[in-house]
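Given the structure is predicted, the values throughout are model-derived calculations rather than measurements. The sequence lines fix the lettering, A, B, ..., with proteins before strands; numbering per chain opens at 1.
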Amino acid sequence: MPECPELHLAGRYINEAEAYRISATARGKELRLTLAPLGSGATQDLVFRFGMSGSFRLCPAAELPRHAHLRFLTSESPPRALCFVDVRRFGSWRLGDAWQLDRGPCVVSEYQAFRENVMKNLDDKAFDKPICEALLNQKFFNGIGNYLRAEILYRLKIPPFEKARTVLEAMKDQEQTRRKKNSSLTLSKKLKQMRNNPDLLELCHAVPMEVIATEKNLLDPDHSDNYAAFKNWLQCYLVPGMSSLRDHNGRTIWFQGEPGPMAPKGQRSRKKRAQLKADPEALTPEVTTRASKRRPKTAEKPPESAEEVADGPRKGRARGRKKATAAPALSQAEVPVKAKRSRQTPARRRRGAAPAV
DNA sequence: GTTGGATGACTACGAGTCCTCCAACA
C-alpha cells in the first residue's frame, strides 16, 4: 500500500480529529499502519491482523461499504475513507504493538529469511505433519493461507498429505544437485532456470506475488469483475473437477490426484458438483455431497435445553453449536484490541471489545 | 426455509468458537 498523503484519523481512540501522515507495511497476514501526527515527531502504530474476510479499501466517505468497521478520513473535499472492511469480524487490531512474535519471516517481503527459516528447522515437529498442514503454520509459512497452499501444491503435483519433511528434504537434495549442475551458468541463466522450475519454497513466494501483481483490487468481492478475475486465476482451489478433503484441522484442502499417505482415514474425497454433472464416471458411491451429509428433518434432535428454546431458531452452523463456555474475566488493559462484536451477549464475549468506530 | 462451507486463529490439545454471507438443497 502506498503512503497516504494526508489523512484525518476518526475513531474513539482519538477524541479530536487530528491530522496524520500514514504509512503502511505488510508482513504475512498482518499490516502495520504507522501514524505520524503532522507537526510532531512522535508516531503511533496500529497492527491489523486480517481474518478470512478482512481487507482495506479506499473509497468515497459518502459511499462506505458494508462492514467498514474502522475509517480514516482524508482532509480533501469530498473526503475519502480508508476503511478496514471485515464482513465476518474475524480480523483484529492492536494499538502500539509490533508484529506478532510467533510468525516467521514473510513469504513475500522477506523471501530469503523465510527460506532459511524453513531449511534450518527441518527437524522441527511442525514438519512431521502433512505438507498441506505445515504450509498453514505461520511460524514457517507466514502469509500462506488455504487457497495459496492448494495452488502451490497443485502446480508441483505434490500430494497434499505427503509428509512435509519428506517433501522438503527431497527439495533440498534437488537444490544441491541443481547448484552443482548450474555452477558454470551466469546469474541470469540461473534465475531463468529457477523461474522455469521453481521449487516449493520459491512458489510460496511467487504465487502470492502473482495475486498481488494481477490487479490492485483483485480480492475485493464488492467488485464482481475483480472477484471474477481472482476466481479465474485459481487453478485448483474451488475449481470444478478437483478433489477435496478435510485436513486434521478441519480445513478443506483442494488437490488433484492422490491425496498422499497421511490422508485422514475414513474420509472420502469430494469433487466439485459441476464436475460431477459433466463427468458421469465421477458419480461413484464414494462421492459425498451436501445433501447426503445433511441430517434428515425427521431425525432432528429436539432442543437440548430450555435456553435453546428460548433463544429461538438459529440459522446455519450456529444451530448445531455447543454453548460457549464461560471465559475468565479479563480487564481491557490485559487483552489485545479486537473489533467490536455488538451482537454478542456478555456471557458469550470472550475478550474485551474494541471501541466502536 | 434450512444447512453447511467460506481467503483465520484462538483455546486447549480435538473440536468448538467467534461472525456474516450465500450456494445448494429439500
Side-chain angles (χ1 to χ4, degrees), chain A residues 28-31 48-56 65-69 85-94 100 102-103 125 129 133 135-139 141-152 207-208 211-212 218-222 224 226-227 230-231 233-234 236-238 240 244-254 264 270 272-274 276-277 288-301 312-328 330 335-336 338-354:
Chain A
K29 292 167 184 166
E30 294 185 326
L31 180 83
F48 292 83
R49 190 167 61 224
F50 295 98
M52 287 186 181
S53 55
S55 64
F56 271 97
R66 295 181 69 190
H67 306 291
H69 300 303
V85 181
D86 186 16
V87 173
R88 298 178 67 179
R89 297 172 186 259
F90 280 6
S92 62
W93 55 290
R94 301 187 300 272
Q100 211 178 8
D102 54 353
R103 300 186 84 96
K125 63 181 181 181
K129 295 185 175 180
E133 293 175 23
L135 281 172
L136 291 186
N137 188 333
Q138 302 300 303
K139 184 179 174 185
F141 297 92
N142 184 7
I144 300 299
N146 204 17
Y147 81 87
L148 285 171
R149 71 170 176 171
E151 295 299 316
I152 291 165
V207 174
V211 180
I212 294 168
L218 188 65
L219 288 171
D220 186 349
D222 288 348
S224 57
N226 294 333
Y227 192 59
F230 170 65
K231 291 192 81 172
W233 172 85
L234 294 169
C236 178
Y237 181 81
L238 290 175
S244 67
L245 281 174
R246 293 270 185 178
D247 68 16
H248 295 93
N249 297 316
R251 306 294 302 278
T252 302
I253 172 70
W254 292 86
R270 296 175 298 161
K272 283 282 282 183
R273 187 139 180 97
L276 295 178
K277 287 175 181 172
T288 306
T289 65
R290 282 187 179 185
S292 67
K293 289 193 304 179
R294 285 241 295 260
R295 192 172 57 212
K297 277 190 175 180
T298 51
E300 263 186 32
K301 285 185 181 177
R314 291 177 182 171
K315 288 187 176 181
R317 298 174 70 182
R319 174 181 284 262
R321 284 181 195 151
K322 289 182 179 177
K323 286 196 294 184
T325 53
L330 295 172
V335 298
K338 290 206 74 173
K340 184 186 176 187
R341 301 182 190 278
S342 57
R343 292 186 184 177
Q344 279 185 320
T345 61
R348 295 178 71 187
R349 191 175 294 142
R350 295 196 304 175
R351 292 191 175 193

Under the rule for ring pair (Phe, Tyr, Trp, His ring centres under 6.0 Å), what residues qualify as partners of A:His67, not counting sequence neighbours?
A:His69
Protein-nucleotide distance (A:Phe50, atom CZ; B:dA9, atom P), rounded to Å:
12 Å
Working to the nearest 0.5 angstrom, can you tell me the gap between A:Lys139 NZ and A:Leu136 CG?
15.5 Å
Find the distance A:Arg89:CZ to B:dA6:C1' and express it as a whole number of Å.
18 Å
Return the set of residues passing side-chain hydrogen bond (donor to acceptor under 3.5 Å, both in side chains) with A:Asn146 (not counting sequence neighbours), or none when no residue passes.
A:Arg149
Spacing of A:Arg88 atom CZ relative to B:dG4 atom P, expressed in whole Å
16 Å
Given B:dG8, B:dA9, B:dA6, which nucleotide is nearest the side-chain atoms of A:Thr252?
B:dA6
Between B:dA6 and A:Arg246, is there an OP1 or OP2 to side-chain N/O distance shorter than 4.0 Å?
yes
Atom P, compared across B:dA26 and B:dC21: separation rounded to whole Å
25 Å
Identify all stems in which DNA chain B takes part, counting only runs of at least 3 consecutive pairs (Watson-Crick or G-U wobble, each distance under 3.5 Å), and give each as one range with another, ordered by first number.
B:1-6 with B:20-25, B:8-11 with B:15-18
With distance as the sole test, does A:Lys29 use its side chain to make a donor-acceptor pair with the main-chain N or O of A:Phe48 at under 3.5 Å?
no
Rounded to whole Å, how long is the line connecting atom CG of A:Asp86 with atom P of B:dA9?
12 Å
Any idea which of B:dG8, B:dC21, B:dA9 is nearest the A:Asn146 side chain?
B:dG8
When the C1' atoms of B:dG8 and B:dT20 are considered, how many whole Å apart are they?
15 Å
How long is the line joining NE2 of A:His67 and C1' of B:dT20, in whole Å?
6 Å
Ranking A:Asp102 and A:Ser53 by the position along DNA chain B of their nearest nucleotide, the one closer to 5' is A:Ser53
Separation between the P atoms of B:dC10 and B:dC25, rounded to whole Å
34 Å
Taken to the nearest whole Å, NZ/A:Lys125 to C1'/B:dC13 is 10 Å
If we take the C1' atom in both B:dA9 and B:dG14, what is their distance in whole Å?
15 Å
Donor-acceptor pair, distance only, cut-off 3.5 Å: does the side chain of A:Glu133 make one with the backbone of A:His248?
yes
If you look at every strand shown and take non-hydrogen atoms under 4.0 Å, does A:Arg103 touch a base, only sugar-phosphate, or nothing?
sugar-phosphate
Does the A:Asn249 side chain pair with the main chain of A:Arg251, one donor and one acceptor, at a distance under 3.5 Å?
no
A:Asn249 CG to B:dG14 C1', in whole Å, measures 10 Å
Here the distance between atom P of B:dA6 and atom NZ of A:Lys231, to the nearest Å, is 12 Å
On a whole-Å scale, what distance lies between the P atoms belonging to B:dT3 and B:dA15?
22 Å
How is A:Gln100 classified with respect to the nucleic acid when contacts are heavy atoms under 4.0 Å: base, sugar-phosphate, or nothing?
sugar-phosphate
So, does A:Ser244 use its side chain to make a donor-acceptor pair with the main chain of A:Thr252 at under 3.5 Å?
no
If you define the side chain from C-beta out and look only at heavy atoms, does anything of A:Glu30 sit under 4.5 Å from A:Arg94?
yes
Base, sugar-phosphate alone, or nothing: which one does A:His248 contact when heavy atoms must sit under 4.0 Å apart?
nothing
B:dA12 and B:dC18, which share atom name P, separated by this distance in whole Å:
14 Å
Under 5.5 Å between ring centres and under 30° between planes: true for A:Phe90 and the base of B:dA9?
no
